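The sequence lines fix the lettering, A, B, ..., with proteins before strands; numbering per chain opens at 1. The structure presented is a predicted model; accordingly, all values stated were derived computationally and were not measured.
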There are 4 protein chains.
Amino acid sequence: MRKAPKQKRSREMVSRLLDATAATIARRGLDGTTTNHIADQAGVSIGSVYQYFPDKEALVESLLTRMGEQAGRRFRQQAKKVDIDTMNLQQVALSAIQFGIYSIRRDPLTYEMIRNWSRVPIHKLLDPLEQAFLVAAQPYFLKHYSNYPVHNLETKLYVVINSTIFTAIRYVIQDDSMIEEKELVATLSDMIVRTLEPVVH
Amino acid sequence: MRKAPKQKRSREMVSRLLDATAATIARRGLDGTTTNHIADQAGVSIGSVYQYFPDKEALVESLLTRMGEQAGRRFRQQAKKVDIDTMNLQQVALSAIQFGIYSIRRDPLTYEMIRNWSRVPIHKLLDPLEQAFLVAAQPYFLKHYSNYPVHNLETKLYVVINSTIFTAIRYVIQDDSMIEEKELVATLSDMIVRTLEPVVH
Amino acid sequence: MRKAPKQKRSREMVSRLLDATAATIARRGLDGTTTNHIADQAGVSIGSVYQYFPDKEALVESLLTRMGEQAGRRFRQQAKKVDIDTMNLQQVALSAIQFGIYSIRRDPLTYEMIRNWSRVPIHKLLDPLEQAFLVAAQPYFLKHYSNYPVHNLETKLYVVINSTIFTAIRYVIQDDSMIEEKELVATLSDMIVRTLEPVVH
Amino acid sequence: MRKAPKQKRSREMVSRLLDATAATIARRGLDGTTTNHIADQAGVSIGSVYQYFPDKEALVESLLTRMGEQAGRRFRQQAKKVDIDTMNLQQVALSAIQFGIYSIRRDPLTYEMIRNWSRVPIHKLLDPLEQAFLVAAQPYFLKHYSNYPVHNLETKLYVVINSTIFTAIRYVIQDDSMIEEKELVATLSDMIVRTLEPVVH
DNA sequence: CATGAATGAGTATTCATTCAT
DNA sequence: AATGAATGAATACTCATTCAT
C-alpha cells in the first residue's frame with residue numbers, strides 16, 4: 001500500500017526519462033546526445049537520471065525496448081485489418097515496405113537508431129517486429145500452404161525481414177541515387193514473395 | 001629516375017600506416033583506435049601519420065579502399081575457379097556466403113568495419129565487391145537466360161547483395177542462436193537464386 | 001531565496017577563475033597560458049573552467065572587462081581628489097601618466113594585456129578608462145572653456161588617450177633608453193594639454 | 001676570389017627567403033605562416049631555410065629590418081620633394097598621415113607586422129622611419145625656429161611619431177566607426193603641429 | 001530522493017626543428 | 001650545401017559519472 005505511489009512515481013519518472021531520451025536523440029542525433037541534455041529535456045537533474053538508470057547505455061536500451069513494444073503493437077493492429085483472403089502477399093509486402101521506408105524517413109528517432117544499429121542493441125527494436133510478423137504470417141501460410149514447413153518459415157522470415165530492413169536502410173541512408181525507390185520497393189517485395197513461396201514439386 | 005626511391009618509400013609508408021590502422025582497429029575496435037595508437041603500431045611518430053594522411057578519416061577511408069580492392073581481387077580469383085557448366089547458381093552462392101561468413105568471423109577488421117557501416121564510408125569496401133559480383137555473374141546470366149533484362153538485374157543484384165551481406169552480418173554479430181548457420185546459409189542462397197531467377201512466362 | 005547561495009557560489013567561482021587567469025597570464029604570459037594552467041592555479045578541475053566559461057577567449061575577455069571596471073573605478077577615485085581650481089590640466093595629466101606608467105611597470109598583467117592589444121579585445125579595458133576620463137574632464141572643460149565643441153572633444157580625447165597609452169606602452173616595453181622617462185612624461189602631458197586646448201580666436 | 005660567388009649566392013638566397021617570408025605573411029598572416037610555407041614559397045627545402053637563418057624569429061626580424069630600410073629610403077625620397085618654404089607643417093603632416101594610413105590599409109605585410117607589433121621586433125621597422133623623420137625635420141625646425149631646443153625635439157618627435165602611428169593603427173585595425181577618418185587625420189596632424197610648436201614666450 | 005557542481009581522463013592535430021642521406 | 005622525411009611536445013575542449021549537500 002505504501003509502495004504503490006512510489007512505484008507509480010518511479011514508473012512515471014522512467015517514462016519521462018525515456019521520452020526525454022527519445023526527443024533528444026531525435027533532435028540531436030545519437031552522438032550529439034549527452035546525459036545532461038537528456039536531464040535538461042526531462043526537466044530533472046542529472047543526478048536523478050542516474051537514480052533510475054545505471055548509465056547512458058541502459059537508457060538507450062530501455063528506449064529501444066519500448067520502441068520495439070510500440071512497433072510490435074502497431075504492426076499487430078495493422079495486420080488485423082489485412083484481409084488474407086483478398087490481398088495477396090505481394091500486395092501486403094509492397095505496402096509494408098513502402099510504409100516502412102516512409103516511417104524511417106519521417107521518424108528521426110527510428111532513423112537514428114537504425115543508422116547506428118551496430119552501436120545500440122538494435123535487436124530490442126527488431127525482435128518484437130520479427131515476432132509480430134511471424135505470428136501474423138503463420139495463419140496466412142497455414143491457410144494457403146497447408147503443410148508449409150514451419151521451422152523453415154522461421155529462418156525464411158529472419159532472412160526476409162533482415163534483408164528488407166537493412167537493404168531499405170542502406171538505400172535510405174546512403175541515397176544510392178542510381179536506383180529508383182519504386183523499383184527497389186518492387187524488387188524487395190518480389191524478393192520476399194519468391195523467398196517465402198513454398199517449394200513447388 | 002631520382003624520384004623513384006622516394007615514391008617507393010612513400011608508398012611503403014602509406015602501406016605501413018594502413019597496416020597499422022588495420023591492426024589497431026582489429027585489436028581495439030574503431031572507437032578504441034586513436035591516431036597515436038596507429039602511430040605507435042606503425043613504429044613512427046604521430047607527425048609522420050599526418051604527413052601522409054590529412055586526418056583520421058582519410059586513414060580509415062584509404063584502408064577501406066584497400067580492403068575493397070583486395071576483396072574484389074580475392075572474389076575474382078575465386079570466381080575463376082567456378083565452372084559455370086557444372087555448378088549451378090545455388091551451389092556458387094552457397095559456397096560464396098559460407099566463405100563470406102567465415103571471412104567476417106575470422107577477420108576482425110572486416111567485422112569491425114561492417115559493424116560500423118553507417119559511420120564509415122563502407123561503400124569503398126562493398127562497391128568493388130558488388131562490381132566484381134556483377135562482372136562474374138554476367139556470363140552466367142548470358143549463358144542461361146540469353147535476354148535477361150540488364151537494368152532490372154542491377155537492382156536485383158543490389159537487393160541480393162545487400163540483403164545477403166547485412167543479414168549475414170547481423171547473424172554473425174548478434175549471434176542469434178535460435179537459427180542454425182547451415183540453415184541460414186541455405187536460406188540466403190535460396191533467396192538469391194529465387195530472386196535472380198528471370199520471370200518465367 | 002534558495003538561489004542566493006548558488007549564485008554566490010557561482011560568482012565566487014567566476015571570480016576565482018578570473019583571479020587564476022590573471023595570475024597565470026601575469027606569470028607565464030598570454031601565450032604561455034593554457035586552460036589547464038588556469039584550472040591548476042584556481043585549484044579546480046579543467047572541467048569546472050568550462051562549466052563557467054565557454055572557451056579560453058571568453059575567460060580573457062571577462063578578465064579584461066573586470067580589469068576595465070577596476071581601472072575605471074580607480075581612475076574615478078583618483079579624479080575625486082583633484083581640485084580643479086588649484087591644479088591645472090598639465091599637472092593632472094602629468095601625474096596621471098606617471099601613475100599610468102608606474103601601474104603598467106608594476107602590474108605584469110596589464111603590461112601583458114596591453115602588449116597583446118591586437119590579439120585581445122583590449123577595448124574592454126580601455127573603453128571604461130576613456131569613459132571615465134571623458135566624464136572627469138567634462139567639468140574641467142565646462143569651467144575653463146564654456147562652449148567647447150563637444151563632438152570635436154570626442155575625437156581629441158580619442159587621439160590623446162590612445163597616443164598617451166601606446167606611446168607609454170612602447171616606451172615601457174622596448175626600453176628606449178635614449179629618452180628619459182621624466183622627459184617623456186612631460187612631453188606627453190604637454191602634448192595632451194596643447195592638443196586639448198580650444199582654438200583661440 | 002673563391003668566396004665571392006658563394007657570398008653572392010648566399011646574399012641571393014637570403015633575399016629570396018625574405019621575399020618568401022614577406023609574401024607568405026602578407027597572404028596568410030603571421031599566425032598562419034609556417035616555416036614550411038616559407039620554404040615552399042621560396043622554392044627551396046626547409047633544411048635550406050635553417051642553413052641561412054637559425055630560427056623563424058630571425059627570419060621575421062631580418063624581414064623587418066629590410067622593411068625598415070626600404071621605408072626609410074622611401075621616406076627620404078618623399079621628403080626631398082617637399083618644399084619647406086612653401087608648405088607648412090600642418091599640410092606636410094596631414095598628407096603624411098593620409099599616406100601612412102593608406103599604406104597600411106593597402107600593404108597587408110605592413111598591416112600584419114604592425115598589428116602584431118608586440119610579438120615582433122617592430123622597432124626594426126619603426127626606428128629607421130623615426131630616424132629619417134628626425135633628419136628630415138631638423139632643417140625645417142632650424143629654419144623656422146632658429147633656437148629650437150634640439151634635445152627636446154628628439155623626445156617630441158618620439159611622442160609625435162609613436163602617437164600618430166599607434167593611434168592610426170588602432171583606428172584602422174579596430175575600425176572604431178564612431179569617428180570619421182577625415183576628422184581623425186585632421187586631429188592627429190593638429191596634435192603634431194601643436195606639440196612640435198616651440199613654446200611661445 | 002533530488003540536486004547540479006565538480007571531476008579528469010581522453011584525443012585529434014600542428015609546426016618548429018633536426019639530421020641522415 | 002641541399003634535401004625533406006621524421007620528429008614529438010604541446011593544447012583546447014568534451015562528457016559520463018560521482019557525491020556532498
Side-chain angles (χ1 to χ4, degrees), chain A residues 6 9-10 13 31-40 42-59, chain B residues 2-3 5-6 9-10 12-13 17 31-40 42-59, chain C residues 2-3 5-7 9-10 12-13 17 31-40 42-59, chain D residues 6 9-10 13 31-40 42-60:
Chain A
K6 282 186 187 175
R9 250 174 80 190
S10 176
M13 181 62 123
D31 284 326
T33 293
T34 73
T35 49
N36 280 288
H37 288 152
I38 293 170
D40 282 356
V44 301
S45 73
I46 179 64
S48 290
V49 175
Y50 280 85
Q51 202 88 44
Y52 291 90
F53 293 92
D55 52 28
K56 196 189 178 186
E57 212 182 311
L59 216 37
Chain B
R2 219 207 260 123
K3 263 195 169 171
K6 287 176 193 176
R9 224 167 123 190
S10 175
E12 269 168 12
M13 181 61 123
L17 288 173
D31 284 326
T33 294
T34 73
T35 50
N36 283 287
H37 288 153
I38 293 171
D40 284 354
V44 301
S45 74
I46 179 63
S48 289
V49 175
Y50 283 88
Q51 201 117 62
Y52 290 89
F53 293 92
D55 52 28
K56 199 188 175 186
E57 209 182 315
L59 218 35
Chain C
R2 219 206 257 123
K3 263 195 171 172
K6 287 176 192 174
Q7 283 183 359
R9 223 166 127 191
S10 175
E12 268 167 13
M13 181 62 123
L17 287 173
D31 283 326
T33 294
T34 74
T35 50
N36 282 289
H37 287 153
I38 293 170
D40 284 354
V44 300
S45 74
I46 179 64
S48 289
V49 175
Y50 283 88
Q51 201 118 64
Y52 290 89
F53 294 92
D55 51 29
K56 199 188 176 185
E57 210 182 312
L59 218 35
Chain D
K6 282 184 189 176
R9 250 173 80 188
S10 175
M13 180 62 123
D31 284 325
T33 294
T34 73
T35 49
N36 280 287
H37 288 152
I38 293 170
D40 283 356
V44 301
S45 74
I46 179 64
S48 290
V49 174
Y50 281 85
Q51 203 88 42
Y52 292 90
F53 293 91
D55 52 28
K56 197 189 177 185
E57 213 182 309
L59 217 36
V60 173

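- Note that the OG1 atom of Thr35(B) and the CD1 atom of Ile46(B) stand 3.5 Å from one another [nearest 0.5 Å].
- Between Ile38(A) atom CD1 and dT17(F) atom P there is a gap of 11 Å when expressed in whole angstrom units.
- Minimum atom distance to the side chain of Thr35(D) is reached by dT17(E), of the listed dT17(F), dA12(F), dT17(E).
- In the set dT7(E), dC13(F), dA16(E), dT7(E) carries the atom at the smallest distance from any side-chain atom of Ser45(C).
- Rounded to an integer number of Å, the gap from Asp31(B) CG to dA16(F) C1' is 15 Å.
- Nearest heavy-atom pair across Met13(C) and Val44(C) is CE-CG1, 3.7 Å.
- His37(C) NE2 to Asp40(C) CG: the interatomic distance, rounded to the nearest 0.5 Å, is 7.0 Å.
- With a cut-off of 3.5 Å on both Watson-Crick or G-U wobble distances, the partner of dA20(E) is given as dT3(F).
- The two atoms that bring Leu17(B) and Ile38(B) nearest to each other are O-CG2, 4.1 Å, heavy atoms only.
- Residues from residues 48-59 of chain B that place a heavy atom under 4.0 Å from any atom of DNA chain F, listed by number: Ser48(B), Gln51(B), Tyr52(B).
- Comparing Asn36(C) and Gly47(B), the nucleotide of DNA chain E nearest to each residue sits closer to the 5' end for Asn36(C).
- Nearest-nucleotide assignment on DNA chain E puts the 5′-proximal partner with Ile46(C), out of Thr33(B) and Ile46(C).
- Nucleotide dT11(F) forms a pair with dA12(E), judged by Watson-Crick or G-U wobble geometry with both contacts under 3.5 Å.
- Between Ala39(A) and Val49(A), the closest heavy-atom pair is CB-CG2, 3.8 Å.
- Nearest heavy atom pair, residue Tyr52(A) against residue Ser10(A), reads CE2-OG, 3.7 Å.
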